[in-house]
Each structure stands twice: as structure tokens, then as C-alpha cells.
2 protein chains.
Amino acid sequence: MIGKLIEGLRATGRRLTRTRRAVLRVLEGNQYPLSASELYERLQKEKVSIDLVTVYRTLTVLKELGFVSQLELHHEGQFRYEIRQGRKHHHHIRCQGCGRIVDLLLCPLKKLTSLIEKETQFVVNEHTLEFGGLCPKCQ
Amino acid sequence: MIGKLIEGLRATGRRLTRTRRAVLRVLEGNQYPLSASELYERLQKEKVSIDLVTVYRTLTVLKELGFVSQLELHHEGQFRYEIRQGRKHHHHIRCQGCGRIVDLLLCPLKKLTSLIEKETQFVVNEHTLEFGGLCPKCQ
DNA sequence: TGATAACTGCAAAGAATTTGCAATAATACT
DNA sequence: AGTATTATTGCAAATTCTTTGCAGTTATCA
């Protein structure tokens, strides 16, 4: 992963820094998408000296290079980021109680897309699908 | 509509005011969901004297009474509001070029919900589905 | 008409995110 | 290895959307 990161950074005239490495490492160590401030907190716990602004800027770069994807879950008012590397297209379900986010591996929308294109005359480029509910612990 | 509004307001110890009437009227005159600031601008054009804060507070009340629903479209960073009165459950498609929002009357997710509940052990209470693309003019 | 709340406007606070700029650090070249 | 170049960082401050506090205004009901 680091190898590909260096490659990607170089190709766009960027540099591999202590902070970029640290951000990527924390994201890799987490199976659910983190917000910028969550990432910041975890870095602080690990005694990595970094500014929240730098976290934002790093996430922007990683997103531009295609290493992470940016999620916008409803009722949250913030972005979340997760490693995109080698992951299939998927959606999420979020617990309305504790906020826990779980991946959904299915996506039933491919067929629907062409139907919608016919109906609206739009060219569909993306879709977001998200469920909200209560996880077993919060029920 | 106004009749039901008065009824709803009364029932919760609230009052029908010039501003609430105006906000509802503008929402009714629009077929696509408006943001608070868009609503504010339209009211200004109509020479209705109102503060943006009051627009927000009014939208909150209308939402609580079930007269409008609050939407959170992706890549927008703001809420939108649309009349809910007598409208069926639906989703939206938004043009990535001009931002135009069109309703989608179909919803293919009812069957999917029980599948997801089995898979995740969540109780699903809501879902959001949204498409992004280019409208005929922006293609 | 007057009393009692609810409602409004204004200013200011909050939260997430972005921007400007000088100091710092990674890279390339010698 | 040493130095010049230029990307990156940290800090402060700005932005955007939304919410809150409070005193003055207005709708409602006796």
C-alpha cells in the first residue's frame, strides 16, 4: 500500500511525509469509515504530532489519488473517509442509536439505473444508498 | 393546507403568523426542494420582511408538524425542504452540472429491507437513495 | 382592551471545513 | 553529505450553514 502511495504521490509531484504515512496507517487499521476529527483524535492518542488542518489536507490528497473514498452519511453533518484500495462498491447502514456503521456488500441498483436514465433523460454517474436503523445492541 | 396548518399549530400551542404563512406559501409554489437560504431569497424578492433565523425556525416547526420533510442531498452541505403533504415516498436525482433536482417516484427498496435486516440484525427504520448525473441540458 | 405567552430579529455562538502565509522539511542536484 | 528548490505543515483566521440567547413585538384569549 505504501509502495503504491509513493508511486501515486510522485506521479503528481507530491511527497511522502510522516503525516501522510500516519493518516494512511490509521485508516488502514480501521474497518469503518472515520471522520477527520476521529482520525485526528486517534493520531493524538498515538502521539503523532499533527494539526487537524493537515488531516483535512491529507485526506483531500488521498481522495484525489483514489486511495480513500469520501462518504457523506445522513444526519451526521460531516464527511467520513475509508480506504478504497481493492474494495468493491458497497453501501452502508448506520445505527440511529450508537452511530455504528456497517458495510452492506450488496447493491441492487445497477438494473435500476438504466430505468432511471430512460425516465429522466439524465446520464447517471453515481448513486448513494444508505440505511438507518437500530443495531442489535440498541434495539 | 392553511386550514390543516392552523389546526396543527393550535394543537401544539403554537400560532399562525405572517411569516409561517409566507414560508408555507413559497414552499407550495415550488416543485423542487428549497434550502433555507433559497427560501429566504425568494421571500425577500416578494418583499416579505423576515430574518433568515426565522426561516430556519419556521422550517423546524413545519417539519415537526409533518408538513415538510427535510432532505440532505450529497455534495451540497445544506438541508433542503419540500412539502410532504399528501406526497408519496420518493427519492431524488440531482444534476452534477446545474444542481437541478428531479423527483423519482419509484422505490425499489422495500424488498431489500427485509434482506438487509436478516443480514445485519439491524432493525431498519429509514433509507436514503439518491442519484447523481447530468441532466439533458448539461450533458 | 389588556395580559400572557409565543414569535421575531439581531447578534453572537457553534461545528465542520477551507484558506493565507511564514516556517519547516522532503527531494533533487552537486 | 550539503544545499537549493519547492511541497508540506502549523497556526490563525475566514467561510458556510445552522443554532441559541435575549429583549422587543405580536397573536390569542379572557
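To find a chain, count down the sequence lines: A is the first, B the second, and so on, and within it residues start at 1.
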Rounded off to whole Å, could you give me the NZ-to-C1' distance for the A:Lys63 and C:dT18 pair? 12 Å

For a quick check of understanding: with a heavy-atom distance under 4.0 Å over all strands, which category does B:Thr12 fall into, base, sugar-phosphate or nothing? nothing

Among D:dT28, C:dG9, D:dC17, the nucleotide that comes nearest once only the side chain of B:Arg10 is considered: D:dT28

Looking only at side-chain atoms of A:Asp51, point me to the closest of D:dT28, D:dC11, D:dA7. D:dC11

When rounded to whole Å, the CD to P distance for the pair B:Glu64 and C:dA6 reads 14 Å

From B:Glu38, B:Glu82, B:Arg42, residue fulfilling side-chain hydrogen bond (donor to acceptor under 3.5 Å, both in side chains) relative to B:Asn30: B:Arg42

Hey, does B:Arg15 reach any base, or is it just sugar-phosphate, or nothing, if we go heavy atoms under 4.0 Å? base

Would you say A:Tyr56 places a side-chain N or O within less than 4.0 Å of OP1 or OP2 belonging to C:dT17? yes

Counting heavy atoms from C-beta on, name the nucleotide in C:dA28, C:dA16, D:dA12 closest to the side chain of A:Val53. D:dA12

The side chain of B:Ala36 lies closest to which of these nucleotides: C:dA26, D:dA27, D:dT18? D:dT18

In terms of heavy-atom contacts, A:Arg21 and A:Ile2 come closest through CG-CD1, 3.7 Å

Output yes when at least one side-chain N/O atom of B:Ser37 is less than 4.0 Å from OP1 or OP2 of D:dC17, else no. no

Taking only the side-chain nitrogens and oxygens of B:Thr54, find out if one of them lies under 4.0 Å from OP1 or OP2 of C:dG9. yes

Starting at CD of A:Glu72 and ending at C1' of C:dA16, how long is that distance when rounded to a whole Å? 12 Å

Shortest non-hydrogen pair, B:Ser114 vs B:Lys111, comes out as OG-O, 3.2 Å

From CD of B:Gln78 over to P of D:dT19, roughly how many Å is that when rounded to an integer? 13 Å

Closest to the 5' end of DNA chain C, once B:Val55 and A:Phe79 are matched to their nearest nucleotides, is B:Val55

Can you check the B:Leu9 CG to C:dA5 C1' distance for me, whole Å? 15 Å

CD (A:Gln70) and NE2 (B:His74) are apart, to the nearest 0.5 Å, by 10.0 Å

Write down the distance between CG (B:Leu71) and P (D:dT18), rounded to a whole number of angstrom. 12 Å

Look at atom CZ of A:Arg84 and say whether more than 12 heavy atoms of other residues, nucleotides or ligands are closer to it than 6.0 Å. no

Tell me if the side-chain of A:Arg18 makes a donor-acceptor pair with the base of C:dA25, cut-off 3.5 Å, by modelled atom types. no

Atom CG of A:Leu16 and atom P of D:dT6: how far apart are they, to the nearest Å? 20 Å

Just the rounded figure in Å: distance from P of C:dC10 to CD1 of B:Ile50. 11 Å

Does A:Arg57 have a side-chain nitrogen or oxygen under 4.0 Å from the phosphate oxygens OP1 or OP2 of D:dT8? no

